[in-house]
Amino acid sequence: MDNGGRQHISYDEIVRIVEPGSTVLDLGCGDGELLGRLVGEKQVRGRGVEIEEEMILRCISKGISVFQGNLDEGLKDYGTKSYDYVILSETLQVVRHPVLLIEEMLRVGRRAIVSFPNFGYFFVRLQLLARGRMPVSKSLPYQWYDTPNIHLCTRNDFVVLCRRLNAGIIREIALRHDRRLRLLPRNLAATEVLFVVERW
Amino acid sequence: MESVINSIGIVSPLDYEFGNGDGGIGLDNGETFGPITVRYETYGTLNAERSNAVLVVHAFSGDAHAAGKHGSTDRSDGWWDSMIGPGKGLDTSKYFVICSNVLGGCRGTTGPSSINPATGREYGMTFPVITIHDMVKVQKRLLDHLEIEKLVTVIGGSMGGMQALDWAVAYPETVRSAVVLAATARLNAQGIAFNAVGRNAIMTDPAWNNGDYYGKTVPARGLATARMVGHITYLSDESMRMKFGRKLRERETYGYDFADVFEIESYLSHQGDKFVERFDANSYIYISKALDYFDLGDRYGGLAEALARATAKFLVISFSSDWLYPTYQSKEIVFALMKSNKDVSFTELSSPYGHDSFLLETERQATIISSFLDTVDGQRR
C-alpha cells in the first residue's frame with residue numbers, strides 16, 4: 001500500500017516498542033520493511049499479510065514470510081493469542097470493517113499496535129473549516145476521489161472506540177511529522193498517532 | 001532466439017536401478033517391491049559440497065524430461081523448459097536440477113507397462129497399488145544413489161506439489177525448502193470424481209482387457225477419453241472462451257451433423273490422440289489412484305500434525321482460475337503450517353489459465369521462486 005513514504009517515522013517507534021524475540025503479525029505489511037527491521041533489530045519471528053502481488057514479491061525477496069490475504073476477510077484462520085504483537089500500521093483507515101479487525105487483532109495478539117493518520121490534526125481541521133475543502137496533507141496525500149482511506153478517524157475517536165471495545169491503551173505515542181510530540185494537545189497537534197492496546 | 005540462448009541444450013536421460021538384491025522398497029500397501037528402474041535427468045552442475053541440488057517433481061502426465069532437448073532434431077523441449085535453464089526461475093548456473101519419472105509411470109521408470117522379471121511379462125494390473133509417498137520413497141533412493149543429502153528445494157505443481165509436501169514431511173532432514181504450486185494436501189471429492197470418470201473410460205474400453213493389452217490393441221479410445229476429461233479440468237471457462245469460444249472448425253455454418261464441429265471438440269480429440277502415443281492406460285489408472293489416496297495428514301493424525309514435522313521453508317502458490325485445486329486448498333496447507341509456526345509464504349497469482357497456470361505463468365512464477373530460493377541459501381533473517 002502506498003502511504004506516501006510516511007510510515008518510517010512510526011516504524012522507529014514500533015521497533016522500539018516490540019521486545020526482542022517476540023512473535024509478530026504485521027497486517028498490511030507492504031514491502032516488508034517494518035518486519036525486516038523487526039527481524040534484524042529485535043530478532044522477532046515475524047509474518048506479514050499483504051494483498052498486492054508486487055509487495056508479496058518484495059517481501060519474499062527479503063526472506064520475509066508473507067501471506068497474500070485480504071484483511072477485510074478477517075483473521076479467522078489465526079489462532080487465539082498466537083502472536084505477541086499484531087501490528088496494523090497506517091492501514092486502519094483503508095479496511096472495510098475496522099472494529100471487527102481491531103477485535104480480531106486483540107484476539108490473535110497478546111497486544112495490538114495500531115497507527116494511523118490523525119484526522120483531528122489542526123491543519124486538517126483548518127482546511128475543512130477555512131477552505132471548505134476535503135483535507136489534503138502530507139499524512140493524507142489523496143484527493144477525495146482517489147483516496148483508499150474510507151475510515152479516517154481522529155486520535156480522540158480511537159480512544160473512545162477502545163473504551164467501547166474494552167480495550168486498554170498501554171501506550172500512546174503522538175507524532176508530528178518526524179518527531180515525537182510531548183506537550184501539545186495530541187488530538188490537535190499530532191499528524192499521526194500510535195497506540196499499543198490489549199484486551200482488558 | 002532467447003530460448004536458444006537460455007536453453008540447457010541437448011540432455012540425455014539416465015537410469016538408476018535398485019532393489020535387485022535387497023528387495024526394493026516397502027510400499028504403503030504393505031508389499032515390498034523391486035527391482036525398480038528410475039529414469040532421471042539432471043541439469044547444471046553439482047557443486048563440490050553437493051549442496052546445490054534442486055529436485056523437480058512432475059505432475060500426472062509429466063516425465064523426467066523437464067528441460068532441454070534429447071537431440072538436435074528433437075522439436076519439443078522438456079515440459080518445464082521455460083522454468084529450468086541458465087538465468088531462468090530454476091537457474092542451472094546456480095543449481096543442480098534433478099527430475100525423475102514417478103514410480104508407476106510409463107516414461108522410463110518402473111510401472112505397469114514394465115516387464116516383471118519374475119514372469120517375463122508386463123506387470124499390467126499385477127503391479128502393486130502405489131501412493132504419492134511411494135513415489136517419494138523412490139526419489140529418495142535416487143538421491144541416496146547420487147549422494148545428495150540436502151536439497152535446496154523440492155518443487156512441483158499439481159501432483160508434483162503433493163510430492164513436494166510429502167518430501168518435506170517424510171524427509172525433513174533432506175528438504176531445506178519446498179515450493180508447492182497449484183496443489184492440495186488431499187484430493188477433494190471433485191478431483192476423485194474426475195479421476196473415476198477417466199478410469200472408467202479406460203476400463204470400459206474392450207481393448208483394456210483387464211490391463212492385459214500389451215503387444216495387442218491398446219485401449220486407445222478409453223485413454224483418449226480419459227485425457228479429454230482430464231484436459232478440461234486443467235483449463236478454465238475463461239481460457240476456453242479466449243482460445244476457442246464457439247468457433248467452428250473448417251466450416252462456416254453448423255451443418256447439424258455429428259462431426260467435431262466446434263474447435264474445442266477437435267482440440268480435445270487431438271489432445272486425447274496425442275496422449276495415447278506417449279502414455280500407458282494402466283499407468284493412468286495407477287497414478288490417478290495414487291492421487292485419490294493422497295491425504296498428507298492421514299498417517300500423522302492430521303494435516304497440521306503432519307506439517308509440524310517439516311523443517312523446510314515453504315512457498316505455496318495457487319492460481320485464481322484453478323478450479324481443480326482451488327486456492328482454498330492451498331490456504332489450508334498454509335494455515336496448517338502457520339499453526340506450528342513454520343516459515344511459509346503464500347500468494348495467489350491471478351491467471352486465466354486454470355490449473356494449467358503453473359505451467360504457463362512462467363514469468364511471474366520464475367521471479368517469485370528465484371527470489372525465494374535466494375533467501376533459502378541466505379541466513380534466516
Side-chain angles (χ1 to χ4, degrees), chain A residues 15 20-27 29-71 73-86 104 108-110, chain B residues 89 152-153 155 176-181 303-304 307-308 310 312-320 327-351 357 361 363-381:
Chain A
V15 172
S22 303
T23 53
V24 172
L25 181 66
D26 185 4
L27 305 176
C29 66
D31 66 359
E33 184 188 339
L34 174 60
L35 274 173
R37 285 191 55 183
L38 286 168
V39 172
E41 296 170 40
K42 290 296 179 81
Q43 298 77 47
V44 306
R45 287 174 55 90
R47 187 187 306 284
V49 179
E50 174 57 43
I51 196 164
E52 284 181 39
E53 188 182 315
E54 175 59 32
M55 294 296 152
I56 299 275
L57 176 58
R58 290 207 223 163
C59 288
I60 289 173
S61 45
K62 286 180 183 152
I64 285 167
S65 287
V66 63
F67 178 85
Q68 186 168 25
N70 186 346
L71 298 179
E73 290 167 11
L75 302 174
K76 64 175 166 44
D77 291 299
Y78 296 82
T80 298
K81 300 291 172 231
S82 51
Y83 288 90
D84 293 324
Y85 287 97
V86 180
E104 279 287 84
V108 171
R110 205 166 49 77
Chain B
V152 176
T153 201
I155 175 171
R176 295 177 59 203
S177 79
V179 180
V180 180
L181 311 168
L303 181 58
L307 289 167
K313 189 174 158 137
F314 285 80
L315 173 62
V316 178
I317 300 180
S318 71
F319 296 89
S320 57
T327 290
Y328 78 85
Q329 298 187 328
S330 287
K331 283 189 178 173
E332 199 175 67
I333 298 166
V334 175
F335 284 118
L337 283 163
M338 282 187 186
K339 260 194 188 161
S340 46
N341 288 317
K342 300 298 176 195
D343 196 338
V344 53
S345 286
F346 162 75
T347 177
E348 177 196 54
L349 295 182
S350 165
S351 167
S357 299
E361 289 288 357
E363 212 173 297
R364 286 191 292 164
Q365 266 187 135
T367 315
I368 293 175
I369 290 165
S370 58
S371 340
F372 173 76
L373 293 184
D374 283 345
T375 68
V376 174
D377 267 328
Q379 288 235 303
R380 194 195 165 92
R381 290 192 294 169

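Naming convention: chains lettered A, B, ... in sequence-line order (proteins, then strands); numbering from 1 in each chain. Because the structure is predicted, anything quoted here is derived from the model rather than measured.
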The reported gap from OG in S345(B) to CD1 in I56(A) (rounded to nearest 0.5 angstrom) is 7.5 Å
If I measure from the heavy atoms of chain A, does F372(B) come under 4.5 Å with its side chain, its backbone, both, or neither?
both
Are more than 12 heavy atoms, taken from residues, nucleotides or ligands other than Q43(A), located less than 6.0 Å from that residue's CD atom?
yes
Measuring heavy-atom distances to chain A, does V344(B) have an atom under 4.5 Å in its side chain, in its backbone, in both, or in neither?
both
Is a donor on one side and an acceptor on the other found under 3.5 Å between the side chain of R47(A) and the backbone of M338(B)?
no
Got a second to check how far L315(B)'s CG is from S65(A)'s OG, nearest 0.5 Å?
10.0 Å
How many angstroms lie between CD1 in I369(B) and CG in L57(A), if you round to the nearest 0.5 Å?
11.0 Å
Look at the rings of F335(B) and F67(A) and say which category their plane angle falls in: under 30° parallel, 30 to 60° tilted, over 60° perpendicular.
tilted
Output for pair (T367(B) OG1, E54(A) CD), nearest 0.5 Å, gives 9.5 Å
Between NZ of K331(B) and CD of Q68(A), what distance do you get to the nearest 0.5 Å?
8.5 Å
Of the backbone (N, CA, C, O) and the side chain (C-beta and beyond), which part of K339(B) lies under 4.5 Å from a heavy atom of chain A, both, or neither?
neither
Go through the atoms of I60(A) and report whether side chain, backbone, both or neither lie under 4.5 Å from a heavy atom of chain B.
both
Pairwise distance CD(E53(A)) to OG1(T347(B)) - rounded to 0.5 angstrom:
5.5 Å
